[in-house]
Amino acid sequence: MSNLKVKTILVSQPEPKVENSPYFELQQKHKVKVDFRSFIHVEGVSAKDIRAQKIDLNNFSAIILTSRNSVDHFFRVAEEMRYKVPEDLKYFCQSEAIAFYLQKYVVYRKRKIYVGQKDFADMSSLFKKYKDEKFLLPASDQLNFDVPQTLNNLKVNWTQATFYKTVMSDLSDLADVYYDVLAFFSPTGIKSLFKNFPDFKQNDTRIAVFGSTTQKEALEHGLRIDILAPTPETPSMTMALEKYVAEANKGK
């Protein structure tokens with residue numbers, strides 16, 4: 001498929017808010033049109049539904065935060081439940097970026113905040129050190145399998161609660177729009193494509209996927225994968241797109 005020129009790319013995520021995004025560099029360098037559209041979105045679960053999960057925020061001494069969404073929805077639910085967040089509550093953040101985002105809600109220097117490096121398993125030593133805490137994991141309805149696996153292996157006292165859900169967006173306005181490349185970042189993004197367009201035929205459309213679970217979902221739906229990330233050579237989606245576009249558009 002790489003003999004066909006690429007003029008248009010649809011990225012199934014929100015448009016980056018930073019001006020120096022690699023996507024914008026890709027547009028300018030290769031004169032391609034890059035559009036952004038979320039194929040999925042997050043919806044909060046109500047306090048009433050969280051109570052139905054038998055969750056009482058007063059029962060926990062530590063919160064595990066794996067994403068910005070988990071931060072936002074924990075504090076949203078706390079407010080809805082009129083739960084006064086105690087100053088001695090411990091926060092275990094999967095990455096520096098999440099810990100930094102937490103400052104939106106708490107005065108950083110006054111709180112007990114523990115930070116992992118990147119992957120969830122990186123926090124294992126922290127969980128071991130604070131094994132006696134009662135941990136709450138406010139998460140989505142689609143939790144990565146490595147999270148419960150890590151916590152159960154460490155035998156910590158933890159409870160999972162669904163604070164938000166990943167929902168497929170309505171894409172009906174894209175029915176008659178054609179793109180040379182569609183870029184996907186999650187299995188749910190692929191599912192959303194087929195929910196919105198059950199008769200989707202790939203034909204000359206190039207499919208780009210990020211991550212092994214997205215790749216698996218694409219193959220299960222009979223899609224041909226033309227662009228794959230991360231790889232040692234192209235660790236990001238933008239690098240994979242850049243490499244493909246450069247080759248496909250060479251001398252055209």
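The basis for the numbers below is simple: all heavy atoms, side chains too, and nothing from hydrogens, waters or symmetry mates. Computed from a predicted structure; not experimentally measured.
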About how many Å separate [atom2] of [Y] and [atom1] of [X], when rounded to the nearest 0.5 Å?
X      : Y      : atom1 : atom2 : result
Asp204 : Asp226 : CG    : CG    : 10.0 Å
Gln27  : His30  : CD    : NE2   : 11.5 Å
Ser169 : Ile40  : OG    : CD1   : 7.5 Å
Thr234 : Leu241 : OG1   : CG    : 9.0 Å
Glu25  : Asn20  : CD    : CG    : 7.0 Å
Asp180 : Lys33  : CG    : NZ    : 11.0 Å

Can you name the nearest heavy-atom pair linking [X] to [Y], along with the distance?
X      : Y      : result
Ala240 : Ala229 : CB-CB, 4.0 Å
Ala248 : Val6   : CB-CG2, 4.2 Å
Ala161 : Leu136 : CB-CD1, 4.1 Å
Leu4   : Arg206 : O-NH1, 3.0 Å
Leu154 : Lys131 : O-CE, 2.8 Å
Val209 : Met237 : C-CE, 3.7 Å

So does [X] have more than 12 non-hydrogen atoms from other groups sitting under 6.0 Å from [atom1]?
X      : atom1 : result
Gln142 : CD    : yes
Glu220 : CD    : yes
Lys7   : NZ    : no
Asp132 : CG    : no
Tyr178 : OH    : yes

(request) Let me see the working for Leu126 and Val115 under side-chain contact (heavy atoms from CB on, under 4.5 Å), right down to the final yes or no. (result) CA-CA 8 Å; Leu126 290 170; Val115 186; 5.9 Å; no
Is the centre of the [X] ring less than 6.0 Å from the centre of the [Y] ring?
X      : Y      : result
Tyr130 : Tyr114 : yes
Phe74  : Tyr105 : no
Phe184 : Phe210 : no

Give a yes or no answer on whether the side chain of [X] reaches the backbone of [Y] with a donor-acceptor pair at less than 3.5 Å.
X      : Y      : result
Thr162 : Tyr164 : no
Arg37  : Leu171 : no
Asp119 : Ala121 : no
Asn153 : Gln149 : yes
Lys31  : Gln28  : yes
Thr205 : Gln202 : yes
Asn144 : Asp146 : no
Ser12  : Ser38  : no
Asp141 : Thr166 : yes

Cluster question for you: counting only ILVMFWY and a side-chain heavy-atom cut-off of under 4.5 Å, with indirect links fine, are [X] and [Y] together?
X      : Y      : value
Phe75  : Ile55  : yes
Tyr91  : Phe135 : no
Phe24  : Val34  : yes
Val167 : Val42  : no
Val147 : Phe163 : no

Is there side-chain contact between [X] and [Y], with at least one heavy-atom pair below 4.5 Å?
X      : Y      : result
Met81  : Ile50  : yes
Ile190 : Leu223 : yes
Phe197 : Ser172 : no
Asp122 : Lys118 : yes
Phe92  : Ile63  : no
Arg224 : Leu219 : no
Thr8   : Val32  : no
Lys134 : Ser61  : yes

Would you please say whether a donor-acceptor pair under 3.5 Å links the side chains of [X] and [Y]?
X     : Y      : answer
Ser67 : Asn69  : no
Gln94 : Thr66  : no
Asp35 : Tyr179 : yes

(message) Out of the candidates Glu217, Met168, His221, only one should pair with Phe194 under the side chain to side chain contact (heavy atoms under 4.5 Å, CB included) rule; please name it.
(response) His221
(request) Please say which of Thr159, Val45, Val77, Leu65 ends up in a side chain to side chain contact (heavy atoms under 4.5 Å, CB included) with Pro138. (result) Leu65
(request) Using the side-chain contact (heavy atoms from CB on, under 4.5 Å) rule, take Ile64 and Met123 through it: C-alpha gap first, then chi angles, then the decisive distance, then the call. (result) CA-CA 10 Å; Ile64 302 169; Met123 292 201 287; 4.2 Å; yes
(message) One thing to verify: whether Lys29 and Glu242 come together as a salt bridge, which I'm taking to mean a side-chain N less than 4.0 angstrom from a carboxylate O.
(response) yes
(message) Under 4.0 Å between a side-chain nitrogen and a carboxylate oxygen: does that hold for Lys104 and Asp72?
(response) yes
(request) Name all residues meeting the side-chain hydrogen bond (donor to acceptor under 3.5 Å, both in side chains) criterion together with Glu80; count only those two or more places apart in sequence or in a different chain, and write none if there are none. (result) Arg76
(request) Check step by step if side-chain contact (heavy atoms from CB on, under 4.5 Å) holds for Ile227 and Val181. (result) CA-CA 9 Å; Ile227 304 160; Val181 177; 4.1 Å; yes
(request) Would you please classify the geometry between the Phe127 ring and the Phe120 ring as parallel, tilted or perpendicular, with 30° and 60° separating the classes? (result) tilted
(request) Apply ring-ring contact (aromatic ring centres under 6.0 Å, His included) to Tyr23 and Phe36, showing your working. (result) CA-CA 10 Å; Tyr23 285 110; Phe36 299 89; 5.3 Å; yes
